[in-house]
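Notes for the one structure printed next.
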Amino acid sequence: MLILGIDTSCDDTSASVVKDGVDILSNVVSSQAEIHKRYGGIVPELASRRHTENIIPVVERSIVEAGIHISDVDALAVCYGPGLIGSLLVGCCFVKSLGYVLNKPVVTVNHLEGHIYSIFITPTFPSFPFLSLIVSGGHTSIYCVKSHGSYEELGKTRDDAAGEAYDKVSKMLGLGYPGGPVIDKLAMQGNREAINLPVPLMPDTLDFSFSGLKTAVKNTINRFKDDELLGEQVIRDIAAAFQSVVVEVIVKKVQWASRSTGINRIALSGGVAANSGLRKGLLQTAQGEGLEIFLPPKELCTDNGAMIAAAGYQRFSRGDIAGLDFNPKAYLPLSS
Ligand code: KG4
Ligand code: ZN
């Protein structure tokens, strides 16, 4: 069974053909990072304009690279939220039109469900139940995934998502957008002990909070600026200290979630799951705690159409087909 999956929820236009929910035949992602870089973050109007230009070429390429004809597709899966409404509208309107013209069923997928399903298109995936940590630019959540389509949220961020904190700290340091990869790289050359930052652990909850950390970084930067000491090595040290705190918090919460549920299988997804410090930290903790960590390759951690196709396959198999009157939603909690 062939599913065409499309995601335009944020700043990447992506389309993919996945066979039987597991086999990626193509996965095309057109990044807009270059456009948004100069603004230090995503400009929603520019993102949706670029999606309108990109959607047809990206889908065409996904079909050609999969070596199929568009009429071979059994169903179309599209991310309908949460995300930027103008961006979501482009993907949803496109899929509705394509579904109507080709007379193919359309399946709608929550973006978070898509991230959870990125683990099912990798060679080794966990058995149910497992914990899914989603750490991206828009979300930082831990879910218990009980079976296909059955999720319980154990914790989520109360303010900034981890990726958002990376992007904002990067902007403060003049390092551009997206902040994650550049801070990740600089952190490896910095001394985390040189900078003192608070660790927002909140011991009684699996929720996260990164906004206080972000403010602490801002105050630290301002102090170095006032003293005219914000040189290259200080920037590396700040990056190292910030990353080490983010990693410490996430790793601890995963550990606690595992202890409180008794579930030791942990899957990662979302752009921040590409972070080398986080991957290393989790793998180290895994050894001591007896955790089994499932890490998708980096290109499946960030937004992509394949994860939408994989989740769409499961929904389609269960007969969960959308009418053509559905609308995208900027705010869309993940429910079972
Ligand atoms: O999942 P994603 O592509 O889009 C959303 O759904 O948000 O995640 C994008 C986020 C950005 O905030 C970016 O800075 C972050 O993922 N990111 C990273 C790394 N690569 C991307 N954060 C930390 N370390 C990385 N290596
Ligand atoms: Zn995402």
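We count ligands from 1, going down the list as the structure has it; atoms in each ligand are counted the same way. Fair warning: this is a prediction, and the values are worked out from it, not measured in the lab.
- The residues lining ligand 1, counting any heavy atom closer than 4.0 Å, are H111, H115, S136, G137, G138, G163, Y166, D167, P178, G179, G180, P181, D184, G270, G271, V272, A274, N275, C301, T302, D303.
- By the salt bridge (Lys or Arg N to Asp or Glu O under 4.0 Å) test, K214 is found to be paired with D160, residues two or more places apart in sequence or in another chain being considered.
- At a threshold of 4.0 Å, the pair R49-E53 does not count as salt-bridged, since none of the basic side-chain nitrogens sits closer than that to a carboxylate oxygen.
- Protein-derived N/O/S atoms nearer than 2.8 Å to the Zn ion (ligand 2) total 3, waters excluded.
- No donor-acceptor pair under 3.5 Å is formed between the side chain of K329 and the backbone N or O of I85.
- For the 3.5 Å distance criterion, the side chains of H139 and S141 fail to qualify, holding no donor opposite an acceptor.
- Judged purely by distance below 3.5 Å, without hydrogens or angles, the side chains of T13 and H51 pair a donor atom with an acceptor atom.
- Taking V234 as the reference, F224, L230, I238 meet the side-chain contact (heavy atoms from CB on, under 4.5 Å) condition, with sequence neighbours excluded.
- Side-chain contact, N27 with E299: no donor N or O sits under 3.5 Å from an acceptor N or O.
- Residues M202 and S209 form a side-chain contact, since some pair of their non-hydrogen atoms from C-beta on lies under 4.5 Å apart.
- Distance check: L2 CG to L25 CG gives 6.0 Å after rounding to the nearest 0.5 Å.
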